[in-house]
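Following: one structure in structure tokens, then a few remarks.
Keep in mind that this is a model prediction, so the values were computed, not measured.
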Amino acid sequence: MGCSGRYCLLTLFLCLVTELAIGVRVVPKRKKEAINAADDQSTSASWWQAGTATPFRETGSNAFSSTHGLVQTHPSADDPFGTTFGGIGSTIGPSSNPFAKSGSGPLSGGVRKNPLPSLARISNINGKASLKHLDFTSSATAELRRNPALSAPDECARACRENEPPRICYYHFTLEFYTVLGAACQVCTPNATNVVWSHCQCVLADGVERGILTANRMLPGPSIQVCENDKVVIDVENHMEVMEVTIHWHGIWQRGSQYYDGVPFVTQCPIQQGNTFRYQWQGNAGTHFWHAHTGLQKLDGLYGSIVVRQPPSKDPNSHLYDYDLTTHVMLISDWLHEDAAERYPGRLAVNTGQDPESVLINGKGQFRDPNTGFMTNTPLEVFTITPGRRYRFRMINAFASVCPAQITFEGHNLTVIATDGEPVQPVQVNTIISFSGERYDFVIEANNIPGAYWIQVRGLGECGIKRAQQLGILRYARGPYQPSSLAPTYDVGIPQGVVMNPLDAICDVKRNDAVCVSNLKSARPVDKALLQDRPDVKIFLPFRFHFYKPKDLFKENTYRNFLVAPGGDHVLSLVDEISYSAPPAPPLSQMHELSPDLFCNGDNRPPNCAVDCRCTHMIDVPLNSIVEIVLVDEVQSPNLSHPFHLHGTSYNVIGMGRSPDKNIKKINLKHALDLDRKGLLHRQYNLPPHKDTLAVPNNGYVVLRLKADNPGYWLFHCHFIYHIVIGMSLILHIGTQGDLPPVPPNFPRCGHHLPTISPPFYPIH
Ligand SMILES: CC(=O)NCCc1ccc(O)c(O)c1
């Protein structure tokens with residue numbers, strides 16, 4: 001079968017190129033009927049169907065590439081090469097801040113008075129309106145007007161300089177129920193120069209219509225890009241009907257701002273519908289991201305990037321790149337074509353399991369309907385580079401499902417220089433495998449023949465079943481927009497070469513085909529105290545699933561939560577034989593009101609706690625103690641490696657691997673303890689890398705160390721979203737109540753209301 005008319009089945013890769021130009025219609029959710037419906041509407045061509053004489057794709061400044069693209073106009077003070085990314089910003093004038101008061105202060109607009117060319121090449125951040133935010137709602141406007149100390153998002157996304165005073169960067173997120181391919185997509189018509197107006201509220205995703213959740217009607221939501229020492233203020237206005245929410249700032253340590261970590265019923269009460277909650281924190285440097293931490297909302301669209309930049313002098317790897325552009329942030333996410341809640345607890349017949357249909361790169365992509373072969377024609381993400389230059393890319397794995405993601409750039413090596421925000425000694429690889437919650441920063445040198453090259457993101461593990469993948473384009477400025485090679489398919493991908501983060505977890509031998517996370521070396525000093533032989537506290541944490549027999553689960557008057565895994569098993573998550581359940585109010589702000597009986601851990605199990613023990617799993621460690629955590633994978637499901645994320649601080653990866661004992665088919669706590677006693681747990685103390693999210697190899701273990709110097713209640717959990725909701729979490733409680741900053745004034749409260757039952761007002765007959 002080949003191409004039939006505009007469509008093609010098997011020779012999709014050939015047609016991808018032509019499809020972009022001729023505009024194939026979108027594949028809607030309900031397969032057959034809906035495609036016919038789309039056929040009926042095809043006479044009124046939508047603007048993303050680039051069937052016009054001057055397809056917007058040719059300009060490089062359409063709405064989609066404009067937030068992440070690069071055009072050759074409007075050279076700025078910071079951009080000696082004239083390769084500034086203009087896009088939207090270049091169309092709406094010189095100032096990013098529509099409220100800019102000319103003359104003085106942080107609101108004085110985007111024109112820099114004292115450019116520092118020596119820094120420009122390192123951090124080529126254009127101070128103009130390059131970041132799409134759509135957050136100038138009346139309340140955001142009012143706040144910026146009211147408070148002249150605040151800087152707007154585009155003023156904060158800038159080159160960072162050593163002696164520059166910090167800014168207060170203000171963001172406003174409006175959270176709503178929203179739609180992919182809603183009517184906004186008919187309103188955002190490109191103008192004569194093919195530039196879509198800056199407040200376009202069209203969300204395209206992979207071209208498949210569905211209801212979603214958004215912040216400021218964008219996918220991903222607004223990007224927070226600031227300099228180290230800036231203060232970041234985000235007003236989160238929740239307009240999601242009948243939904244509570246919290247936002248977690250993944251990778252931000254929240255030192256001194258413990259109350260703004262965004263964990264429901266741990267650090268705050270969730271934000272009710274109609275309420276606004278003001279988060280404020282100062283970020284540690286690095287590539288991070290924000291996402292909803294309540295329920296499954298993250299998977300429905302509530303996420304966005306955070307970049308905290310530093311002056312080049314503070315980054316040990318700054319000599320390795322020329323540009324660190326706001327547009328070269330690469331957030332990858334997995335994507336369903338229905339609400340995430342459709343898969344929880346999970347179905348038995350259709351749409352079983354929790355595996356995504358699709359993958360997005362910065363919220364963009366195309367989708368090939370496996371039943372029809374039809375492909376959507378929505379735009380792919382394009383990253384533009386200039387020949388000879390070296391670019392820092394900041395990749396964020398915002399996946400929510402269990403699939404690892406593999407990212408490969410055709411014709412280009414990747415030099416990994418940081419992970420989870422922390423610098424590492426550079427290593428050159430060809431492909432990076434990452435897990436939910438991880439970040440990898442890498443340098444790409446534009447040293448190939450100027451042209452366009454494919455970027456491929458493949459979902460591995462369970463995603464291999466549906467062959468979920470996505471493509472993007474790495475484009476040389478002034479070159480063609482379309483790669484000359486065939487589009488890589490799931491099965492015939494870009495050659496993989498050296499792998500960062502191999503799934504086989506063979507990390508204790510020298511090899512030249514792969515680099516394990518535990519082989520990375522920190523590029524900043526590691527606290528000596530962390531590397532002592534005996535940590536102050538040593539915690540072994542095995543984790544697994546409890547498999548329910550339906551007759552035990554569906555008993556009269558019992559309502560235990562569970563997940564229907566892809567194979568139909570009904571499972572509950574256990575860490576150290578405990579399934580985490582949230583307390584009714586946050587211990588951080590309302591500890592004195594919570595019954596001590598709520599809390600438990602491996603040494604203090606509630607009386608009569610059964611095989612599916614549920615309580616608020618909390619482990620106390622003294623402030624400033626050196627803590628070692630050994631995570632042991634007792635899940636024993638092939639293909640599944642669980643990434644554990646720690647809030648409040650990073651840890652150092654001392655070791656990872658599998659049992660050296662070939663007779664041991666499955667590792668468990670007892671065996672790991674045994675290995676440790678014999679000194680056979682792999683540990684290495686030479687500059688172990690800092691991370692905050694790390695996959696425990698399947699049938700293996702990891703050894704982590706941290707200094708417990710940030711007091712608070714910090715969630716430590718598997719970052720797979722469906723595993724969080726079935727209890728694969730615990731609280732690492734560092735220090736005591738007295739070590740905490742005071743509860744902010746008027747901090748929202750929550751909890752049960754169970755007064756004594758009062759006597760009736762009127763006599764009962
Ligand atoms: C035999 C077995 O281990 N089955 C469970 C596997 C599983 C459990 C939970 C998930 O989310 C998942 O994707 C897969």
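In this structure, Phe644 has its ring center under 6.0 Å from that of Phe543. Aromatic ring centres of Phe277 and Tyr260 lie closer together than 6.0 Å. Checked against the 6.0 Å centroid threshold, His250 and His719 count as a close aromatic pair.
Side-chain atoms of Gln469 and Arg458 include no donor-acceptor pair closer than 3.5 Å. In the model, Asn351 has a side-chain atom that pairs as donor or acceptor with a side-chain atom of Glu338 under 3.5 Å. Using a 3.5 Å distance cut-off with no hydrogens or angles, the side chains of Ser358 and Asp206 do pair a donor with an acceptor. There is no side-chain donor-acceptor pair under 3.5 Å between Asp692 and Ser650. Between the side chains of Ser659 and His671, at least one donor-acceptor pair of N or O atoms lies under 3.5 Å. Checked by atom type, the side-chain pair Ser434/Asn397 shows a donor-acceptor distance below 3.5 Å. In this model, a donor atom of one side chain and an acceptor atom of the other lie less than 3.5 Å apart for Thr419 and Lys691. In this model, a donor atom of one side chain and an acceptor atom of the other lie less than 3.5 Å apart for Asp620 and His733.
Of the possible donor and acceptor atoms, one in the side chain of Thr372 sits under 3.5 Å from a partner among the backbone N and O of Phe374. Distance alone, capped at 3.5 Å, is enough to place a donor-acceptor pair between the Arg347 side chain and the Val350 backbone. Between the side chain of Asn698 and the backbone N or O of Leu640 there is at least one donor-acceptor pair closer than 3.5 Å. Within the 3.5 Å criterion, the main-chain N or O of Tyr722 finds no donor-acceptor partner in the side chain of Gln354. Within the 3.5 Å criterion, the main-chain N or O of Ile407 finds a donor-acceptor partner in the side chain of Thr431. Of the possible donor and acceptor atoms, one in the side chain of Lys466 sits under 3.5 Å from a partner among the backbone N and O of Asp355. Under the 3.5 Å distance criterion, the side-chain polar atoms of Gln258 are matched with a main-chain donor or acceptor of Pro711. In this structure, Gln470 contributes its side chain and Gln366 its backbone to a donor-acceptor pair below 3.5 Å. Distance alone, capped at 3.5 Å, is enough to place a donor-acceptor pair between the Asn652 side chain and the Pro688 backbone. At distances below 3.5 Å, not a single donor-acceptor pair connects side-chain atoms of Thr352 with backbone N or O atoms of Ala349.
Counting heavy atoms from C-beta outward, Met240 and Leu302 have side chains that approach closer than 4.5 Å. At a threshold of 4.5 Å between non-hydrogen side-chain atoms, the residues Leu706 and Leu646 count as touching. At a threshold of 4.5 Å between non-hydrogen side-chain atoms, the residues Ile654 and Leu704 do not count as touching. Ile667 is listed as a side-chain neighbour of Val632, based on a closest heavy-atom distance under 4.5 Å. Counting heavy atoms from C-beta on, the side chains of Phe177 and Glu241 come closer than 4.5 Å. At a threshold of 4.5 Å between non-hydrogen side-chain atoms, the residues Pro697 and Asp633 do not count as touching. At a threshold of 4.5 Å between non-hydrogen side-chain atoms, the residues Leu360 and Leu219 count as touching. Pro264 is not listed as a side-chain neighbour of Cys269, based on a closest heavy-atom distance of 4.5 Å or more.
Taking the six-membered ring where tryptophan is involved, the planes of Tyr651 and Phe716 are perpendicular, since the angle between them exceeds 60° and thus also 30°. Ring orientation note: the planes of His717 and His645 are nearly perpendicular, at an angle over 60° on the 30°/60° scale. Ring pair Trp290/Trp249 is tilted by interplanar angle, where 30° to 60° counts as tilted. Ring-plane geometry between His291 and Phe289 is classed as tilted, the angle between the planes lying from 30 to 60 degrees on a 0 to 90 degree scale.
A search for side chain to side chain donor-acceptor pair (under 3.5 Å) contacts involving Gln297 returns Thr294, not counting sequence neighbours. Here Asp676 pairs with Lys538, Arg683 under the side chain to side chain donor-acceptor pair (under 3.5 Å) rule; sequence neighbours left out. Arg705 is linked by a salt bridge (Lys or Arg N to Asp or Glu O under 4.0 Å) to Glu628, counting only residues two or more places apart in sequence or in another chain. With sequence neighbours excluded, no residue forms a side chain to side chain donor-acceptor pair (under 3.5 Å) with Tyr701. Listed by chain and number, the residues in a side chain to side chain donor-acceptor pair (under 3.5 Å) with Ser729 amount to none (sequence neighbours excluded). The disulfide bond (SG atoms under 2.5 Å apart) search around Cys718 returns none, not counting sequence neighbours.
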**Request:** Determine, stepwise, if the pair Glu357 / Arg343 fulfils salt bridge (Lys or Arg N to Asp or Glu O under 4.0 Å).
**Result:** CA-CA 12 Å; Glu357 266 86 46; Arg343 311 284 186 90; 2.8 Å; yes
**Request:** Decide yes or no on side-chain hydrogen bond (donor to acceptor under 3.5 Å, both in side chains) for Tyr440 and Asp420, but give the supporting numbers first.
**Result:** CA-CA 6 Å; Tyr440 287 91; Asp420 297 357; over 6 Å; no
**Asked** Checking side chain to side chain contact (heavy atoms under 4.5 Å, CB included) for the pair Phe265/Leu588: CA distance, chi angles, key distance, verdict?
**Response** CA-CA 9 Å; Phe265 303 109; Leu588 184 63; over 6 Å; no
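Residue pairs meeting the side chain to side chain donor-acceptor pair (under 3.5 Å) criterion with at least one partner in residues 608-619, sequence neighbours excluded, are Tyr548-Asp612, Arg560-Asp612, Asn561-Arg614. Applying the side chain to side chain donor-acceptor pair (under 3.5 Å) test to pairs two or more places apart or on separate chains, those with a residue in residues 563-583 are Arg544-Glu577. Within the structure, salt bridge (charged side-chain N to carboxylate O under 4.0 Å, His left out) pairs that include any residue of residues 291-304 comprise Arg210-Asp300 (at least two apart or interchain). Each disulfide bond (SG atoms under 2.5 Å apart) pair with one or both residues in residues 553-597, not counting sequence neighbours, would appear here, but there are none. Sorted by first then second residue, the side chain to side chain donor-acceptor pair (under 3.5 Å) pairs that include residues 584-598, not counting sequence neighbours, are Gln590-Glu593, Glu593-Arg749. Pairs passing the disulfide bond (SG atoms under 2.5 Å apart) check and including a residue from residues 552-604, sequence neighbours excluded, read Cys600-Cys615.
The CD1 atom of Ile721 lies 12.5 Å from the CD1 atom of Ile726; values are rounded to the nearest 0.5 Å. Note that the CG atom of Leu213 and the CG atom of Asp339 stand 7.0 Å from one another [nearest 0.5 Å]. To the nearest 0.5 Å, atom NE2 of residue His248 and atom NE2 of residue His647 are 3.5 Å apart. Considering CZ of Arg511 and CD1 of Ile506, their distance stands at 5.0 Å, rounded to 0.5 Å. Asp369 CG to Asn371 CG: the interatomic distance, rounded to the nearest 0.5 Å, is 5.0 Å.
Nearest heavy atom pair, residue Ala398 against residue Asp334, reads O-OD1, 4.2 Å.
Looking at Asp674 and Lys670, no side-chain N of the basic residue comes within less than 4.0 Å of a carboxylate O on the acidic one, giving no salt bridge.
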